[in-house]
Each structure stands twice: as C-alpha cells, then as structure tokens.
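These notes concern the structure reproduced below.
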Amino acid sequence: VILQSDFDSRESAISHISHMAKQLHQSLKDHYSVTEHMLMITCSCGIAIYPDDGESAEQLIKHADTALYKAKANGRDNYQFFSREMNVAAVERMEMESDIYRAIENNEFEVVYQPKVSISGNRIVGAEALLRWHHPQQGDISPERFIPVADETGQILQLGDFVLQQACALTSELWCSNENCDETDSLSVNVSPRQFQQDDFVEKIQRILAQEKTRACCIELEVTENILIEDASKVGEKLRVLKELGLTISIDDFGTGYASLRYLQQLPIDMIKIDRSFISHITDKASDFAIVKTIMSMAKNLDIKVIAEGVETDEQLALLQLLDCPYYQGYYFSKPVSREVFIGMIRQQRAASA
Ligand code: C2E
Ligand code: CA
Ligand code: CA
C-alpha cells in the first residue's frame, strides 16, 4: 500500500499519482537475474482518492482493491482509478454469486445443445453442450454474464460437473447404448481453465463417464488457449492422459487468445474451432477470409480437424465449403436447442437415412 497526501485538488492528485504509477511500472519493468533465472515482474495498481472515493481508510482500501481488480481484469500490468461504476459492478458480482448458489439449489440451470454439422453430408455429427440459466425474475441470463462470475468464485466447478454429467447421460442415451454409434458422433463440453486445473479433473471425468456408461470417444472437451497460461508441460501431460483415455480435445475460440502457435505442434489437439469473429466477416472482409484459409491449411498440415463457429448465412457456408472445411456450427443450421428437441433431430435424421 502506498499512501500519498497533501494535494490541493483531486486533479493534482490524479496527475501526480498517474505519474507515480508509471514510474513504478517503469522501475519494475527491468528483468531481474536471480541465480540462473531471468525474472520479470508485472505490476497492477488500483487507486482510490480521499474524500470522493471513501471517507475512511477502510473504504479507501476497499475501493482501491476494486480498482485493482479492474486493472487485473484489463490484462494486468496497468493502473486504474476507482470509479462509481466499478463499485456498481463489484456489488453486482457479489449479488450474482449468492444468486448462483440459490439457482443451483433451485435447479434453474439447463443444458442446451447446438448441433455440429458435417458440411459435405449435411448431417448432424453431434452437438455442443451450453449452459442456460432460467432466472425466475430476470428471465434468461446469458452465460457470458454468469460464467465469468462462476469462474472467479469457483462455482464453475459444480456447474461444470452438472454439464458434464448431463452431456454424458445424453450421449449414452443417443449413441453409446445402441449400435447406431458412429465414431464421429460426439457431444462437446466447455471446460474453463479453473476446471481444467483441478488436481482431480481426470479422475472426475473418468468417474462421470463410468457412472453414465459413456464411451470416452463420444465426449469432446473444449478448452481455450487460456489454459496454457499455466505450466505448459503440466497442461500437456494432463491433455495426453485425457487423450489416452479416448477423449477428443478441441481448442475453442481459436485465434483470439495469446498462446503461441507452438502449442498446436506440441499438445495433443484433435480439433480447432475457428472463432465466430472470423466467420462473421468471411464474405465481406478479405483479411478474415485469408485468416480462415490460413488456419484451414495449417490445420491440414498438422493433421488437426477444423470446425467453423457461428455460421449464419448460406454465403458463409458456401465459402467454407470452398475451403474444404469439414464441419460447422451456427444459427444457419440451428440455435442451441433443448435436450428433447435435439433428441428429436437425431431420431429424424436416423429415420431419414434408414
Ligand atoms: P462458446 O463456447 O464460444 O459458445 C458458442 C456461443 O456462440 C454460444 O453462446 C452459442 O449460442 C453462440 N452461437 C452459436 N452459433 C451462433 C451464431 O450463428 N451466431 C451467433 N451470433 N452466436 C452463435 P452462449 O451459449 O451464449 O455461450 C457463450 C459462452 O459462454 C460460450 O462461448 C462459452 O465460453 C461459455 N459457456 C457456455 N456454457 C458453458 C459451460 O457449460 N461451461 C463453461 N465453462 N462455459 C460455458
Ligand atoms: Ca465452446
Ligand atoms: Ca467458441
């Protein structure tokens, strides 16, 4: 904690403290050599100013902490002044945390399924399991709002187990328990870094697969490049164990993270999901088309499969077909649907092919 006093105005405090934060940042930026290791320190600061941001030491520290949280959320290594809006967001986050506990008790969560489709055969080859929160007062709350909170509080572990269990049960019902099992058919489940980092993650998956009598090859785990923030060799080891068990590993939102391309070569990755942000302008932005084309050929050379996310129009689909993209997901084929509707889709497909 750094305490500064004796400013004439809030403005002069802001200008002085900004300068200080920059200097602090600058002086920590050097690389330090400790024994044979080069160490790098990043520095995030949260700043609160008396009296506007708090009249007691306790309030000031609390609000500086809220600003620090924001600095970290902005990618770390920067500084943030406290603002009233931040406080509103912090209070909302706290309220949501207790609301999520209540919602779990109340069975307000549902898993929905968005079909994955083979482009050449126009055939459903599986689905992605996505979480939905039906809030009794607020209506449906987007996972984009509650997943980050659940991730931070650790509630994602419980929610993640629920999704995995539901997806495995449905997989068994659709494929594993009858002869209709085509080995390419699978349900994918999103795995957040926090879930992946659990020491007993592998055992947990094995337990759920056994309990639901699901074949491992029918479950795909979607991880993002963010899991690689942790020790890469440890991550690689865990992925290899999962793959040996027969699970499929895919990289979600490919192209939006910070990871190096080297991991594609070193980690046991089966599938790349090209992020929706590239697909949505594939028809009108030459650079997005070029990126998708490059990802396709790179994946082919590395023997990794590809699925395009967020396909909404037949023009987009036609271009993907031109590029030899094997699979897609998106509103063009179907929005995520309930378990019952998805079962209906699979039955209809079976009936049509029989
Ligand atoms: P994601 O994994 O990238 O999931 C794809 C999102 O894109 C889904 O949003 C899906 O409904 C949406 N989408 C699919 N096709 C289209 C399309 O054609 N157009 C548009 N505009 N959107 C499309 P959703 O369900 O709101 O999920 C948002 C994010 O929340 C997911 O992104 C994922 O990161 C997270 N999430 C959802 N369920 C889970 C879960 O069970 N566990 C974890 N860890 N994260 C989850
Ligand atoms: Ca996903
Ligand atoms: Ca995605």
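Values below: all heavy atoms of this structure, side chains included; hydrogens, waters and symmetry mates excluded. Given the structure is predicted, the values throughout are model-derived calculations rather than measurements. We count ligands from 1, going down the list as the structure has it; atoms in each ligand are counted the same way.
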Practice prompt. Look only at interatomic distance and state if R276 has a nitrogen or oxygen under 3.5 Å from any nitrogen or oxygen of ligand 1.
Written response: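 Yes.
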Worksheet item: Should L131 be counted as touching ligand 1, given the test is an N or O pair under 3.5 Å?
Response: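 Yes.
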Record the part of [X] in heavy-atom contact with ligand 1 below 4.0 Å; permitted values are side chain, backbone, both and neither.
X	answer
K335	neither
V112	neither
R132	side chain
N190	both
D253	side chain
K273	neither

For the residue pair [X] and [Y], does the interplanar ring angle fall in the parallel (under 30°), tilted (30 to 60°) or perpendicular (over 60°) class?
X	Y	value
H63	F82	parallel
H16	F7	tilted
W133	H135	tilted

Expected output: side-chain [X] to main-chain [Y] donor-acceptor under 3.5 Å:
X	Y	result
T171	L187	no
S172	E212	yes
E225	G255	yes
Q349	I124	yes
E312	G330	no
Q155	E97	yes

Using a 4.5 Å cut-off on heavy atoms from C-beta on, say whether the side chain of [Y] contacts that of [X].
X	Y	value
E108	R102	yes
M298	L261	yes
V88	R84	no

Worksheet item: Has P336 got any heavy atom lying under 4.0 angstrom from an atom of ligand 1?
Response: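 Flag set, P336 near ligand 1.
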Fill in: Q114 heavy atom under 4.0 Å from ligand 1
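Yes, that is the case, since the closest heavy atom of the residue is under 4.0 Å from the ligand.
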Closest approach of any protein heavy atom to [atom], naming residue and atom:
atom	result
atom 29 (C) of ligand 1	E144 OE2, 4.3 Å
atom 46 (C) of ligand 1	I147 CD1, 3.6 Å
atom 27 (O) of ligand 1	P143 CG, 3.4 Å
atom 18 (O) of ligand 1	Y331 N, 2.8 Å

Atoms of ligand 1 less than 4.0 Å from [X] heavy atoms?
X	answer
E312	17 (C), 18 (O), 19 (N), 20 (C), 21 (N)
G330	15 (N), 18 (O)
E309	3 (O)
E128	2 (O), 4 (O)
Q195	44 (N)
S192	44 (N)
V163	41 (O)

Worksheet item: Run the side-chain hydrogen bond (donor to acceptor under 3.5 Å, both in side chains) check on T256 and D275 step by step: do they pass?
Response: CA-CA 7 Å; T256 62; D275 191 61; 5.0 Å; no
In the complex you have, is [atom] within reach of the protein, judged by whether a heavy-atom distance drops under 4.0 Å?
atom	result
atom 9 (O) of ligand 1	no
atom 25 (O) of ligand 1	yes
atom 32 (O) of ligand 1	no

Worksheet, complete the sentence: Which of E309, E220, E128 passes side chain to side chain donor-acceptor pair (under 3.5 Å) with K116? Answer is E220
Discussion item. If the test is side chain to side chain donor-acceptor pair (under 3.5 Å), which one of Q166, H134, R132, R339 qualifies with E110?
Written reply: H134
Worksheet item: If you take all heavy atoms of I104 and Q158, which pair is closest and at what distance?
Response: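 It is CG2-NE2, 3.4 Å.
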Fill in: Least distance between heavy atoms, V149 atom then I100 atom
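So the minimum-distance heavy-atom pair works out to CG1-CD1, 4.3 Å.
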Worksheet item: Does any donor atom in the side chain of R194 or Q197 lie under 3.5 Å from an acceptor atom in the other side chain?
Response: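 Result is no, nothing qualifies.
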Worksheet entry | Atoms of the protein (N/O/S only) found under 3.0 Å from the Ca ion (ligand 2) |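 Checking every protein N, O and S atom gives E128 OE2, N190 OD1, E222 OE1, D252 OD2.
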